[in-house]
Amino acid sequence: MTQRRILITAALPYANGPIHIGHLLEYIQTDIWSRFQKLRGHNAIFVCADDTHGTAITKSARAKDCTEEEFIAAMSEAHQRDFAGFQIEFDNYGSTHSPENREYCGQVWQALKDADLVSQRVVEQFYDVVTGESLPDRFIKGKCPKCEAPDQYGDNCDKCGHTYRATDVIDPISTVSGKPPKLGSAEHFFVNVERLHGFLDEWTQSGNHLQTEVANYLKGHFLGEELRDWDVSRPAPYFGFEIPATNNEHFWYVWFDAPIGYIASTRQWCDRHGEEIDAWWKNPETEIHHFLGKDITYFHTLFWPAMLKTAGLNLPTKVHIHGFVNVGGEKMSKSKGTFVMAETYLRHLDPAYLRYYYASKLGPRLEDLDLNLGEFITKVNSDLVGKVVNLASRSAKFLADDTLSVSYPDDGGLFQAGAEAGESIAAAYENCDYNAAMRKIMALADSANKYVEDREPWKLRKDEARQEELRDVCTVALNLFRQIVIYLAPVLPKLASQTAELLNTPITTWSEAQTPLMSVRVGRFQHMMKRIEEKQVHAMIEESKIEEPAESEFNDGPEALEKEPLAEECTIDDFVKVDMRVARVIEAEAVPEADKLLRLKLSLGGDVQRNVFAGIKAAYKPEDLVGRLVICCANLKPRKMRFGVSEGMVLASGGGGKEVFVLSPDDGAVPGQRVH
RNA sequence: GGCGGCGUAGCUCAGUUGGUUAGAGCAGCGGAAUCAUAAUCCGCGUGUCCGGGGUUCGAAUCCCUGCGCCGCUACCA
């Protein structure tokens with residue numbers, strides 16, 4: 001096999017917050033690929049860096065009362081600690097706020113100017129009057145300038161399909177503060193990407209650089225029409241690099257210098273290892289593989305190749321794009337405790353669990369991944385502890401401080417079959433189809449366990465005459481175990497080193513799975529991995545639960561009111577016709593035939609009770625409601641429904657589905673009290 | 001609105017270029033075993049492959065259409 005030269009990158013984490021389990025999907029995915037390539041003997045390096053520039057950094061630094069430099073230094077340290085905790089092994093971890101990065105930004109910039117792709121013009125733009133931030137078109141809402149339909153976004157109208165500029169919108173408001181925005185103007189630099197349209201058509205649609213869904217997305221979204229100029233500068237003040245020869249009045253936009261950080265980080269590695277940067281970025285033999293999330297697709301598949309092409313640098317061989325992490329089928333949520341920080345996770349659980357779980361779910365496609373906590377526990381316990389580690393656990397003990405057989409015994413072709421599976425497992429890793437790789441590996445573990453089961457070493461042990469047979473059976477079991485561990489090594493590096501120690505033989509290359517070990521001394525078996533207990537996961541979730549902080553005082557968005565405008569004026573007489581009472585839920589059950597309904601029994605105190613059907617099944621579990629105080633409309637005319645008679649209505653807000661919020665009185669209220 | 005994607009067993013998902021009775025893991029039920037971290041092994045799955053059309057000798061797989069869900073829509077890092 002010829003040795004490939006491979007540069008691997010993961011997206012640069014923004015230095016504005018800590019790493020969480022969503023980020024980790026990407027770093028684990030990339031780290032597995034990097035370790036795999038190294039294990040295969042290729043010349044691979046994995047570089048990354050903190051992405052440190054932009055207004056958001058300035059804002060955060062001010063909030064902490066420190067300089068931007070101090071802020072990003074602390075954040076970089078925290079990020080690297082988290083990554084190390086998850087056994088993510090970078091060959092270099094840099095920063096976009098580095099001298100190397102400034103240098104390469106200058107070079108790319110000069111190349112763009114030499115190619116006459118840079119222009120300069122005044123941009124009229126909205127700013128939010130409360131936060132002062134500049135507002136993208138999607139953050140403006142108002143009436144369509146053509147058909148006057150209300151409540152339209154700042155770029156085009158849903159009703160008549162007309163497209164326009166945000167500044168043309170009638171009665172614009174900022175969706176950030178709900179207030180009318182302020183118009184400002186500033187000079188910006190632009191890159192004429194359209195001039196590279198032909199190149200981008202070609203590059204994105206052929207050569208297998210992108211997943212097909214990504215290529216289609218680009219074709220449908222951007223490449224189907226003229227590419228707009230890319231705005232790459234921000235006026236001072238801005239935390240970033242000033243654009244040369246602009247009198248410190250203009251800075252590169254953070255998304256200009258961020259990807260160049262890949263080059264700068266490679267440079268730092270080269271300087272430490274006495275290598276030339278051009279061997280990695282100006283060498284047609286070098287493969288460049290970027291791993292990133294779907295949210296930053298077009299930066300890496302349009303602007304970035306355009307920059308590289310113009311600067312005469314290597315184009316990415318492949319951009320691997322992954323989806324987002326959901327937990328329990330929904331977005332990660334701070335209030336539900338599913339927005340778990342890397343640091344919090346590590347306080348409760350072994351990183352190997354998450355590495356394996358993600359690997360077992362990751363495929364080559366751009367799909368969201370569901371982290372189902374129940375499945376997480378059973379999968380890790382069953383696959384890793386029950387199947388894989390158990391192999392060593394049930395056989396190593398019989399040979400502790402003894403040696404493996406001198407020649408490899410007849411195992412019915414098991415080891416050979418495992419060796420032959422090596423290439424297809426490798427192909428799955430290569431193709432980022434880790435879930436297929438894990439399935440193949442677990443099939444090997446299944447047959448190995450079956451082998452032990454059939455040969456019953458625990459019975460051999462009791463028979464003095466069959467000690468050599470016992471040695472043979474354990475030799476087979478331990479070799480099958482080691483073969484599996486080699487295949488798992490990119491995912492579970494710690495397990496690989498524990499196995500190396502147990503069998504007194506290091507694991508350094510993939511091909512070692514082709515040859516069984518003989519005669520080596522077996523160490524004393526120690527637990528290699530603990531089972532996950534549900535209470536550990538529970539504790540992690542509990543620790544992650546935080547009240548959503550109010551970002552800046554009270555800046556509730558206008559969406560709810562816009563969706564359901566205020567009703568007509570009513571009189572106090574109208575109001576008192578509705579008799580609302582405090583009630584206690586004393587029974588609650590789902591209506592099996594209904595999608596949305598719960599049947600509630602409400603007590604208004606004494607023996608006054610109401611049977612009420614409420615459309616809140618998607619948002620509340622019946623058992624969570626029993627005992628709660630709610631507000632009900634008690635004089636609503638009873639209504640016959642398919643499932644019974646509903647004698648009132650429980651008050652709730654929200655749009656329906658899971659977005660339902662049942663009203664509760666403050667502590668001290670008593671069932672039966674009227675709401676005035 | 002436009003664009004991209006998805007919709008397969010209770011759950012999470014495999015199903016290569018259309019080809020025999022549609023699969024795996026987990027959960028569930030029954031049994032065996034007791035070396036092992038309540039680990040392991042054996043047995044048990046008729047699921048309108050979202051609905052409706054079409055192409056074909058043959059479609060979960062290709063085409064059209066309808067429904068549902070998710071995402072994206074360039075000065076959000």
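So you know, we letter chains A, B, ... as the sequences are listed, proteins then strands, and number each from 1.
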NZ or CZ of A:Arg234 within 45° of A:Phe251 ring axis and under 6.0 Å
no
Residues that A:His197 engages under side-chain contact (heavy atoms from CB on, under 4.5 Å), provided they are two or more places apart
A:Glu194, A:Asp201, A:Leu223, A:Leu227
Using the closest heavy atom to pick a nucleotide of RNA chain B for each, name whichever of A:Arg365 or A:Asp368 lands nearer the 5' end.
A:Arg365
Closest to the A:Asn435 side chain: B:A77, B:C41, B:A14?
B:A14
Determine the contact category for A:Val193: base if any of its heavy atoms lies under 4.0 Å from a base atom, sugar-phosphate if only primed atoms, P, OP1 or OP2 are that close, otherwise nothing.
nothing
Run the salt bridge (charged side-chain N to carboxylate O under 4.0 Å, His left out) check on A:Lys462 and A:Glu456 step by step: do they pass?
CA-CA 11 Å; A:Lys462 292 171 188 162; A:Glu456 302 181 313; over 6 Å; no
Would you classify A:Val385 as touching base, sugar-phosphate or nothing, given that sugar-phosphate means primed atoms plus P, OP1 and OP2, and contacts are heavy atoms under 4.0 Å?
base
With sugar-phosphate meaning primed atoms plus P, OP1 and OP2, does A:Gly54 contact a base, only sugar-phosphate, or nothing at under 4.0 Å between heavy atoms?
nothing
Heavy atoms only, 4.0 Å cut-off, all strands: where does A:Phe324 land among base, sugar-phosphate and nothing?
nothing
Worked check of side-chain hydrogen bond (donor to acceptor under 3.5 Å, both in side chains) between A:His53 and A:His97:
CA-CA 7 Å; A:His53 292 155; A:His97 198 62; 2.8 Å; yes
CD (A:Gln526) with more than 12 external heavy atoms under 6.0 Å:
no
Give A:Glu367 one of three labels, base, sugar-phosphate or nothing, depending on what nucleic acid heavy atoms sit under 4.0 Å from its own.
sugar-phosphate
How far does the C1' atom of B:G54 sit from the matching atom of B:G18, given to the nearest Å?
15 Å
Using a cut-off of 4.0 Å on non-hydrogen atoms, how would the nucleic acid contact of A:Lys462 be classed: base, sugar-phosphate, or nothing?
sugar-phosphate
Provide, to the nearest angstrom, the distance between the CD atom belonging to A:Gln211 and the P atom belonging to B:G71.
19 Å
Could you tell me which residues satisfy side-chain contact (heavy atoms from CB on, under 4.5 Å) with A:Pro457, sequence neighbours excluded, listed by chain and number?
A:Phe398, A:Val452, A:Leu470, A:Val473
RNA chain B: A:Gly363 or A:His188, which has the more 5' nearest nucleotide?
A:Gly363
Heavy-atom contacts under 4.0 Å between residues 524-532 of chain A and RNA chain B, which residues?
A:His527, A:Met528, A:Met529, A:Arg531
Considering only B:C13, B:C26, B:A77, which nucleotide approaches the side chain of A:Asp51 most closely?
B:A77
Selection from B:C35, B:G25, B:A77 that lies nearest to any side-chain heavy atom of A:Asp383
B:G25
Categorize A:Asn449 for me: base, sugar-phosphate, or nothing, with a 4.0 angstrom heavy-atom threshold over every strand shown.
sugar-phosphate
Are the side chain of A:Tyr93 and the backbone of A:His79 linked by a donor-acceptor contact shorter than 3.5 Å?
no
Between B:C13 and A:Lys379, is there an OP1 or OP2 to side-chain N/O distance shorter than 4.0 Å?
no
In whole Å, what separates the C1' atom of B:G47 from that of B:A60?
12 Å
As a quick check of understanding, evaluate salt bridge (charged side-chain N to carboxylate O under 4.0 Å, His left out) for A:Asp229 and A:Arg121, giving each step before the final call.
CA-CA 11 Å; A:Asp229 288 351; A:Arg121 66 171 179 268; 3.2 Å; yes
Between B:G5 and B:U17, how far apart are the C1' atoms? Round to whole Å, please.
22 Å
Any strand, both distances under 3.5 Å, Watson-Crick or G-U wobble: B:C75 pairs with none
On the nucleotide B:A36, are OP1 or OP2 found under 4.0 Å from the side-chain N or O atoms that A:Lys397 carries?
yes
Compare the aromatic ring of A:Tyr14 with the six-membered base ring of B:A77 and state whether they stack according to the 5.5 Å and 30° rule.
yes
In terms of side-chain heavy atoms of A:Trp458, which of B:U34, B:A36, B:A77 is nearest?
B:U34
Taking OP1 and OP2 of B:C26, is either one under 4.0 Å from a side-chain nitrogen or oxygen of A:Ser382?
yes
What is the distance, to the nearest angstrom, from the OH atom on A:Tyr357 to the P atom on B:C26?
14 Å
Rounding to an integer number of angstrom, what distance separates B:G66 and B:C3 when you compare their P atoms?
12 Å
Consider the side chain of A:Glu213, meaning its heavy atoms from C-beta on, and name the nucleotide among B:A74, B:G4, B:A77 that approaches it most closely.
B:G4
Go through the structure and list residues passing side-chain hydrogen bond (donor to acceptor under 3.5 Å, both in side chains) with A:Asp368, not counting sequence neighbours.
A:Lys294
Rounded to the nearest Å, what distance is computed from the CE atom of residue A:Met442 to the C1' atom of nucleotide B:A14?
16 Å
Pair of N/O donor and acceptor under 3.5 Å linking B:A74 base with A:Arg228 side chain:
yes
Holding to side-chain contact (heavy atoms from CB on, under 4.5 Å), I want the full list of residues that pass it with A:His23, two or more places apart in sequence or in another chain.
A:Ile19, A:His20, A:Tyr27
Could you tell me how far apart A:His53 (NE2) and B:C75 (C1') are, to the nearest whole angstrom?
18 Å
Base-pairing assignment for B:G47 (Watson-Crick or G-U wobble, both under 3.5 Å):
none
Consider the side chain of A:Arg394, meaning its heavy atoms from C-beta on, and name the nucleotide among B:C11, B:U34, B:C35 that approaches it most closely.
B:C35
I'd like the C1' distance from B:U48 over to B:G2, given in whole Å.
33 Å
Kindly list each side-chain donor-acceptor pair under 3.5 angstrom involving residues 527-536 of chain A, sequence neighbours excluded, with atom names and distances?
from: A:Gln536; atom 1: OE1; to: A:Glu533; atom 2: N; distance (Å): 2.7
from: A:Gln536; atom 1: NE2; to: A:His348; atom 2: O; distance (Å): 3.3

To the nearest angstrom, the CG-C1' distance between A:Leu218 and B:G2 comes to 16 Å
P-based separation of B:A74 from B:G58 [nearest Å]
47 Å
When you compare B:G25 with B:G43, how far apart are their P atoms, in angstrom units rounded to a whole number?
11 Å
Under 4.0 Å, heavy atoms only, any strand: does A:Asn326 hit a base, just the sugar-phosphate, or nothing?
nothing
When you measure from the side chain of A:Arg439, which nucleotide among B:C75, B:A77, B:A14 comes out closest?
B:A14
d(CG, A:Leu478; P, B:A36) in whole Å:
15 Å
Answer yes or no: does a side-chain N or O of A:Asn216 lie under 4.0 Å from OP1 or OP2 of B:G5?
yes
Does A:Tyr217 place a side-chain N or O at less than 4.0 Å from the phosphate oxygens OP1/OP2 of B:G2?
no
Side chain of A:Lys450 - closest among B:A77, B:C42, B:G71:
B:C42
Using atom P in both nucleotides, what's the gap between B:G31 and B:C69 to the nearest angstrom?
45 Å
Counting only side-chain heavy atoms from C-beta out, which of B:U34, B:C41, B:C75 sits nearest to A:Glu453?
B:C41
Rounded to the nearest Å, what distance is computed from the CZ atom of residue A:Phe251 to the C1' atom of nucleotide B:C75?
17 Å
